[in-house]
Number of protein chains: 2
Amino acid sequence: MRIGEAARASGVSAKMIRHYEEIGLVPRAGRGSNAYRDYDGADVHRLRFIRRSRDLGFSIGRIRDLLRLWSDTERSNAEVKAIASAHVAELEHRIDQLRDMARTLHHLADACDGSGRPDCPILKGLEGKQVPAASPSPGEPPG
Amino acid sequence: MRIGEAARASGVSAKMIRHYEEIGLVPRAGRGSNAYRDYDGADVHRLRFIRRSRDLGFSIGRIRDLLRLWSDTERSNAEVKAIASAHVAELEHRIDQLRDMARTLHHLADACDGSGRPDCPILKGLEGKQVPAASPSPGEPPG
DNA sequence: GTTGACCTTCCAACCGTCGGAAGGTCCACC
DNA sequence: GGTGGACCTTCCGACGGTTGGAAGGTCAAC
């Protein structure tokens, strides 16, 4: 099948399939008589694996590791479990950070009556009057 | 003061201060006899406001709005509260997504005995045997 | 006069996804 | 045989926000 059908079957867009090929996450696809990429069921299976891994928040690097283990019939499930558990821990850490932000902001919003006057505890909080600050891992804040 | 001192005083790196100036988040700094940027207490105050906002997960765009309101003495605190509340909602949405991911992955990891054998429910789950999938907002997965 | 800390600008990278340009190919329909 | 539209190709850019480095100018102390 061609890339469009593989995209529909796997849930990974054609753009991303090409991208994943370029970065070596999926093997280079065979080409037909024209220069079109050609895919089979196994390729779609792999793409679907990638898609689900992304849905669970794994980074490309981690997915690379998972794919390697996936195709290794002599793998140790302990290694897989370690990756998964580490990722769960990262997710929970990120959740804690976001929760801290939400809680802090919630407190500030609660202190603001929203009456329409200029006086605003939220802005005061952002100024530095309070705000314990969640101190997120550098980079990537909101969604 | 020069950019380095402003950076230390505000918690915003010199790199980022220049960047914020370029994108118009902070006004263009005055320059001394040399071409060095010059900052005063108000500038640092503003930078600190930005820093705290970032720590609470506000996007640059939102911070732009907040800064505008901050410097508007006739602002309505209702508008500020609306922005803050919307952001809290976004944060909580993101938290829910991450929590779904963590829960799903946790279940898979629980089903894996990690005994060292190749058989692995986690990989099976990623293949598509189960995985309800958290379906995150497109992009930006882990942290 | 030299060292080193500071400043300047510019360019590129990280991550994952998407948009669009400019062109080639396939297939159905007329 | 021609035309249209859906599909494919490659390439180059953007979005979040932050960081790294290069290559150079400036200022202080020693």
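Numbers restart at 1 for each chain; the letters A, B, ... are given by sequence-line order, proteins then strands. Side chains are part of it too, since the values below use all heavy atoms of this structure and drop only hydrogens, waters and symmetry mates.
Within residues 12-19 of chain A, the residues that place at least one heavy atom under 4.0 Å from DNA chain D are, in residue-number order, A/Arg18. For the contact set between residues 20-40 of chain B and DNA chain D, defined by any heavy atom under 4.0 Å, the members are B/Tyr20, B/Asn34, B/Tyr36.
Remark: P of C/dT17 and CG of A/Asp55 are 10 Å apart, rounded to the nearest angstrom. As rounded to whole Å, 13 Å separates atom P of C/dG16 from atom CZ of A/Phe58. In this structure, CZ of B/Arg8 is placed 12 Å from P of C/dA5, rounded to the nearest angstrom. Rounded to whole Å, the distance from CG on A/Leu47 to P on C/dT17 is 12 Å.
Screening residues 1-11 of chain B for salt bridge (Lys or Arg N to Asp or Glu O under 4.0 Å), with sequence neighbours left out, gives no hits.
Side-chain atoms of A/Arg54 come within 3.5 Å of backbone N or O of A/Phe58 as a donor-acceptor pair.
When each of B/Ile122, B/Leu108, B/Asp110 is tested with A/Lys81 by the rule side-chain contact (heavy atoms from CB on, under 4.5 Å), just one qualifies, namely B/Ile122.
One finds a salt bridge joining B/Arg51 and B/Asp55 here, because a Lys/Arg side-chain nitrogen approaches an Asp/Glu carboxylate oxygen to under 4.0 Å. Salt bridge annotation for B/Arg46-B/Asp43: absent, with no cationic side-chain nitrogen under 4.0 angstrom from a carboxylate oxygen.
In this view, B/Phe49 and B/Trp70 satisfy the ring-ring contact (aromatic ring centres under 6.0 Å, His included) rule, not counting sequence neighbours. For A/Arg62, the side-chain hydrogen bond (donor to acceptor under 3.5 Å, both in side chains) test picks out no residue, with sequence neighbours left out. For B/Asp113, the side-chain hydrogen bond (donor to acceptor under 3.5 Å, both in side chains) partners at least two apart in sequence or on another chain are A/Asn77, B/Ser115, B/Arg117.
The phosphate of D/dT26 (OP1 or OP2) has no side-chain N or O of B/Arg2 nearer than 4.0 angstrom.
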